[in-house]
Amino acid sequence: MNQPLDKVCVIGGSGFYDLLPSPKEVMVTTPFDKIPVHVLEQDINGRRIFFLPRHGGKHSIPPHKINYKANIFALYKLGVKRVLSTNAVGSLNEAMKPGDYVILNDFIDFAFPITFFEDGFEITFNSGKKLSGVIHLDMSEPYCPEVRNSILKTIETKNSHPNGSYARTMGPRFETKAEILAIKRWGADVVGMTNPSEAILSRELGICYATIAVVTNYAAGLQKELSHQEVLDIFNSRLKELKILFFDIIKNLPVEHGCNCARHIKN
Ligand code: HPA
């Protein structure tokens, strides 16, 4: 009997709007939006790879308007088990320079609460386990160690950092200098406007999630001024390499899951 295909999704950030060479479009309806989520899919090397640009096709959705719940629920409905995401970030750590990659291992998120488990949401997972009501998830290790390991094994460039802590701000504006000073004192290495929402919601649905952050600038006060164009330009300069890297990482993902990210949805 044929095994079901292992399903992996790449979520693209600012400046990353396509990945797959000849994708099929899939529209997924969810309880979280009237508009279906638009995902691209293609089978490559025995895996079904999905691509979801979080800001829409041409950066049409600002960070605070991204429907994270619809996006992640759509991936769950499609049977995605692992997500590799990328985010443009500002750096607070001198060693993490524009153009560098940071493989996130932690985050600080005091921006806004996000969870599927509100408003009577109830879900029965394939394991038969039902979850509803209020849940408080363990976030001691918010990114999947196994997916992170595949990234670390694959990434060869010297411009990459194996660990980094991401602080999320609400956006869409960049931060003030005082905010960056405060965030630096908290111990974050990089700052961005999106990532933890996806990491949290993925974990709630038992989907493994890990991120390659791309440093596009030093954060406010650590360089003269900030512009969205600079973020896009630096991200773009990394895009070709990043796309190849994503395919190589996916090749290196073990087929069997050895991590514990989905423990709360097992029976
Ligand atoms: N701050 C917040 N988000 C960002 C930045 C930044 O400096 N650079 C890229 N995304």
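When a ligand or atom number is given, it counts from 1 through the structure's own listing order.
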For P162 and R148 the tightest heavy-atom approach is O-NH1, 3.0 Å
Looking at G12 and F51, what are the two nearest heavy atoms and their distance?
N-CE1, 3.9 Å
For F32, which residues count as a ring-ring contact (aromatic ring centres under 6.0 Å, His included) partner, sequence neighbours excluded?
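F32 satisfies ring-ring contact (aromatic ring centres under 6.0 Å, His included) with F73, F116, F121 only.
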Set of residues that line ligand 1, where lining means a heavy atom lies under 4.0 Å from it
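Within the 4.0 Å shell of ligand 1, which is judged on heavy atoms, sit A88, V89, G90, F174, E175, V191, G192, M193, T216, N217, L226, V231.
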Would R203 pass as a cation-pi partner of Y209, given that its NZ or CZ must be under 6.0 Å from the six-membered ring centre and within 45 degrees of the axis?
no
If you count every heavy atom of other residues, nucleotides or ligands that lies below 6.0 Å from E122 atom CD, does the total exceed 12?
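Above 12, so yes.
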Salt-bridge test for K69 and D33: reply yes if a basic N is under 4.0 Å from a carboxylate O, no otherwise.
no
